[in-house]
**Student:** 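Please read through the structure below; I'll follow up with questions.
Both ligands and their constituent atoms are indexed starting at 1 by order of listing. Count residues from 1 along the sequence.
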Amino acid sequence: MKILVVGNGGREHALAWKIAQSPLVTRLFCAPGNAGTAAIAENVDIASDDVNAIRNFAVSNKVDLVVVGPEGPLCLGIFDELLNAKIRCFGPSKAAAEIEGSKAYARELCRRHRIPSPLHWMFDDLSKARAFLDMREEGPIVVKASGLAAGKGVTVCKSLVEARIAVTECLEKRRFGDAGNTIILEECLEGPELSVMTLTDGQTIVPFEPARDHKAVFDDDKGPNTGGMGAYSPVVLQSRTRNQIESQIVFPVVHALNRESRRFQGFLYAGLMLTVQGPRVIEFNCRLGDPETQPLLMRLKSDLLPLLLATVDGKLDQQQAPVWDDRHAVTVVACSGGYPLEFKKGMPIFGLDRVVTGPDLQIFHSGTVKKGGDVLTAGGRVLSITALGESISVARARAYAVLKDVEFSGIHYRRDIGGAG
Ligand code: AMP
Ligand code: GLY
């Protein structure tokens with residue numbers, strides 16, 4: 001089978017790495033991919049948001065399955081385009097992807113179907129949002145741009161002063177462009193966060209093992225949020241919590257989307273907060289998390305490809321449940337100097353050839369490019385070093401040991417990934 005993976009991050013390198021192990025694969029493409037995917041697949045120079053070019057490539061190369069990593073092309077309707085061209089696409093339709101593309105839609109969906117979520121209020125008018133804040137008691141509140149904002153559209157405000165600034169940034173200064181035309185103000189919840197990614201064809205619902213990412217840039221969760229500085233899996237949960245997550249959130253949301261005629265096929269990501277009142281939805285994404293995918297796929301023993309194909313064909317009920325490695329997986333993300341603010345690209349990466357990778361240790365490339373014989377940095381997040389171990393501390397030590405050998409100018413990473421586990 002010919003498979004095309006769309007995207008160029010660590011998640012897509014991990015997906016391509018896992019798919020490449022399937023005996024069903026005869027040819028593997030990545031659009032656009034990175035220096036890591038170039039070693040295991042054929043990179044195709046098409047941007048992941050260029051839906052028309054991806055469709056044309058898939059048609060002319062008779063691709064059997066397109067696996068879409070990031071939310072951008074899904075929200076642009078890549079599934080629907082490929083369906084018209086009779087190409088199978090793993091990922092939700094444009095209508096179902098709105099669960100990520102519009103936080104307003106996701107919140108209203110939760111409200112309509114009583115899925116446990118923070119209280120929220122929506123505004124598209126600055127004076128009304130300000131008047132709401134004027135009426136509110138002092139305290140923390142969260143301000144979110146409704147549309148896609150590359151993970152930067154959320155401000156957790158400690159005070160109303162901060163909230164007024166965040167509201168103005170969105171609705172008046174248009175910091176997130178059209179993505180901030182509608183904002184959501186949310187009750188600020190407290191508790192550990194958890195990422196639960198679920199494979200579903202809209203009928204059969206297969207929650208994957210939980211994972212946890214570390215969003216803040218510095219140790220001890222200090223500094224601004226990033227796309228994710230590292231992740232680990234499994235996360236030890238009480239069975240009661242796991243049951244609540246499945247019965248109150250994961251199963252109901254898949255059924256809710258069906259009832260709203262937006263059947264979801266693909267990976268549905270629930271970003272949760274485990275509050276003292278129980279699990280609450282922070283956000284839904286229409287795809288796998290990055291970097292959570294990296295430790296998760298290291299732990300997946302089953303062939304991923306038959307699961308993806310069965311999802312697309314609506315036959316997930318005919319598949320065996322995925323089998324997981326009981327060991328712990330940890331991913332540490334090495335970033336460019338300055339990330340998540342301004343950073344330089346094009347720094348040569350040294351030492352990659354010194355690292356002996358294998359089933360227990362992988363360097364998934366997050367933002368790299370190959371130039372001549374060199375591998376250069378090409379993004380804020382550069383490498384996702386991922387290790388398996390009998391315990392989380394063994395996995396962590398194995399991942400951090402790699403960072404003694406690999407370097408590039410400006411490299412920075414958190415030293416406490418998996419530390420809270
Ligand atoms: P999101 O992009 O919606 O996942 O939000 C990014 C981060 O902001 C989350 O991972 C949380 O740490 C934080 N956050 C979002 N919504 C809330 C909320 N209602 N209460 C507290 N923290 C939140
Ligand atoms: N790591 C969070 C996300 O992928 O949205």
Side-chain angles (χ1 to χ4, degrees), residues 7 9-12 14-15 69-72 74-75 97 99-107 110-111 116-122 139-158 162-163 166 170 176 179-180 183-197 208 210-217 221-233 235 267-277 279-297 331-333 335 340 364 366 380-381 384 414 417 420:
R11 167 185 49 209
E12 288 77 26
L15 274 168
E71 65 279 12
L74 292 167
C75 291
I99 196 161
E100 174 166 6
S102 166
K103 286 184 191 288
Y105 173 70
R107 281 287 176 243
C110 288
R111 174 151 49 202
S117 309
L119 292 173
H120 73 274
W121 304 268
M122 287 193 299
I141 188 162
V142 181
V143 180
K144 296 185 174 181
S146 176
L148 290 183
K152 301 193 176 87
V154 175
T155 316
V156 180
C157 305
K158 288 190 206 70
E162 284 182 27
C170 276
F176 305 109
I183 60 163
I184 300 149
L185 303 185
E186 272 180 23
E187 174 191 12
C188 188
L189 302 179
E190 278 179 31
E193 292 184 44
L194 189 72
S195 309
V196 177
M197 286 158 272
F208 272 22
R212 179 167 282 146
D213 78 345
H214 297 258
K215 288 210 172 73
V217 65
D221 291 334
K222 300 265 172 19
N225 270 355
T226 67
M229 297 295 289
Y232 62 96
S233 173
V235 180
F267 279 112
L268 182 52
Y269 168 118
L272 307 174
M273 198 165 267
L274 306 179
T275 73
V276 286
Q277 284 88 23
R280 298 284 181 270
V281 174
I282 292 292
E283 65 166 348
F284 286 115
N285 294 324
C286 63
R287 40 128 187 126
L288 287 171
D290 190 343
E292 293 96 319
T293 301
Q294 289 85 309
L296 209 54
L297 292 188
T331 295
V332 180
V333 181
C335 300
F364 296 121
S366 295
R381 295 190 288 174
S384 300
R414 277 180 63 157
I417 301 302

**Student:** Ala231: heavy atom below 4.0 Å from ligand 2, yes or no?
**Tutor:**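 It does not, in that no heavy atom of Ala231 comes within the 4.0 Å cut-off of ligand 2.
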**Student:** For Leu272 and Ser195, what are the C-alpha separation, side-chain angles and deciding distance, and is it a side-chain contact (heavy atoms from CB on, under 4.5 Å)?
**Tutor:** CA-CA 6 Å; Leu272 307 174; Ser195 309; over 6 Å; no
**Student:** Which heavy atom of Ala14 sits nearest to which heavy atom of Thr293, and what is that distance?
**Tutor:**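 Looks like CB-CG2, 4.4 Å.
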**Student:** Anything under 30° is parallel, anything over 60° is perpendicular, the rest tilted; go ahead and classify His214 against Tyr232.
**Tutor:**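 Because their plane-to-plane angle lies in the 30° to 60° range, the rings of His214 and Tyr232 count as tilted.
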**Student:** Quick check for you: to the nearest 0.5 Å, what is the distance between Glu186 atom CD and Glu283 atom CD?
**Tutor:**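 Answer rounded to 0.5 Å: 10.0 Å.
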**Student:** Kindly compute the distance separating CZ (Phe208) from OG (Ser233), expressed to the nearest 0.5 Å.
**Tutor:**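 Separation between the atoms: 11.0 Å.
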**Student:** I'd like to check which ligand 2 atoms, numbered from 1 as shown, lie under 4.0 Å from a non-hydrogen atom of Gly227.
**Tutor:**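 Those atoms are 1 (N), 2 (C).
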**Student:** Please round to the nearest 0.5 Å and tell me the distance separating atom SG of Cys157 and atom CD1 of Ile141.
**Tutor:**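 One gets 8.0 Å once the value is rounded to the nearest 0.5 Å.
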**Student:** Say whether Arg11, considering both its backbone and side-chain N or O atoms, lies within less than 3.5 Å of an N or O atom on ligand 2.
**Tutor:**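 The answer is no, given that Arg11 and ligand 2 share no N or O pair closer than 3.5 Å.
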**Student:** Would you say Gly228 contacts ligand 2, with heavy atoms under 4.0 Å as the rule?
**Tutor:**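 Not so, Gly228 does not reach ligand 2.
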**Student:** Show me which atoms of ligand 2 lie under 4.0 Å from any heavy atom of Gly289.
**Tutor:**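 What qualifies from ligand 2 is 4 (O).
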**Student:** Find all atoms of ligand 2 within a distance of less than 4.0 Å from any non-hydrogen atom belonging to Tyr269, and give their numbers and elements.
**Tutor:**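 Once the distances to Tyr269 are compared, the set is 2 (C), 3 (C).
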**Student:** When you compare the side chains of Ser366 and Ser384, does any donor N or O come within less than 3.5 Å of an acceptor on the partner?
**Tutor:**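 Yes, Ser384 and Ser366 have a side-chain donor paired with an acceptor closer than 3.5 Å.
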**Student:** Tell me which protein heavy atom sits closest to atom 3 (C) of ligand 2, plus the residue, atom name and distance to 0.1 Å.
**Tutor:**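 For atom 3 (C) of ligand 2, the nearest protein heavy atom comes out as Arg287 NH1, 3.6 Å.
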**Student:** Looking only at distance, does Asn285 have an N or O less than 3.5 Å from an N or O of ligand 2?
**Tutor:**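 Between Asn285 and ligand 2, an N or O pair is found under 3.5 Å apart.
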**Student:** Distance from Asp213 atom CG to Asp290 atom CG, nearest 0.5 Å?
**Tutor:**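 So the gap between those two atoms works out to 9.5 Å.
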**Student:** Residue by residue, ordered by chain and number, which ones reach under 4.0 Å of ligand 1 with a heavy atom?
**Tutor:**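 Residues within 4.0 Å of ligand 1: Lys103, Pro118, Val142, Lys144, Val154, Val156, Glu186, Glu187, Cys188, Leu189, Glu193, Lys215, Asn225, Met273, Ile282, Glu283.
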**Student:** Going by the atom numbers of ligand 2, which of them fall below 4.0 Å from some non-hydrogen atom of Asp213?
**Tutor:**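 What qualifies from ligand 2 is 1 (N), 2 (C).
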**Student:** Atom CZ in Arg280, atom CG in Leu189: separation rounded to 0.5 Å?
**Tutor:**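 The CZ atom of Arg280 sits 7.5 Å away from the CG atom of Leu189.
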**Student:** When rounded to the nearest 0.5 angstrom, what distance separates CD in Glu193 from CE in Met273?
**Tutor:**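 That separation rounds to 4.0 Å.
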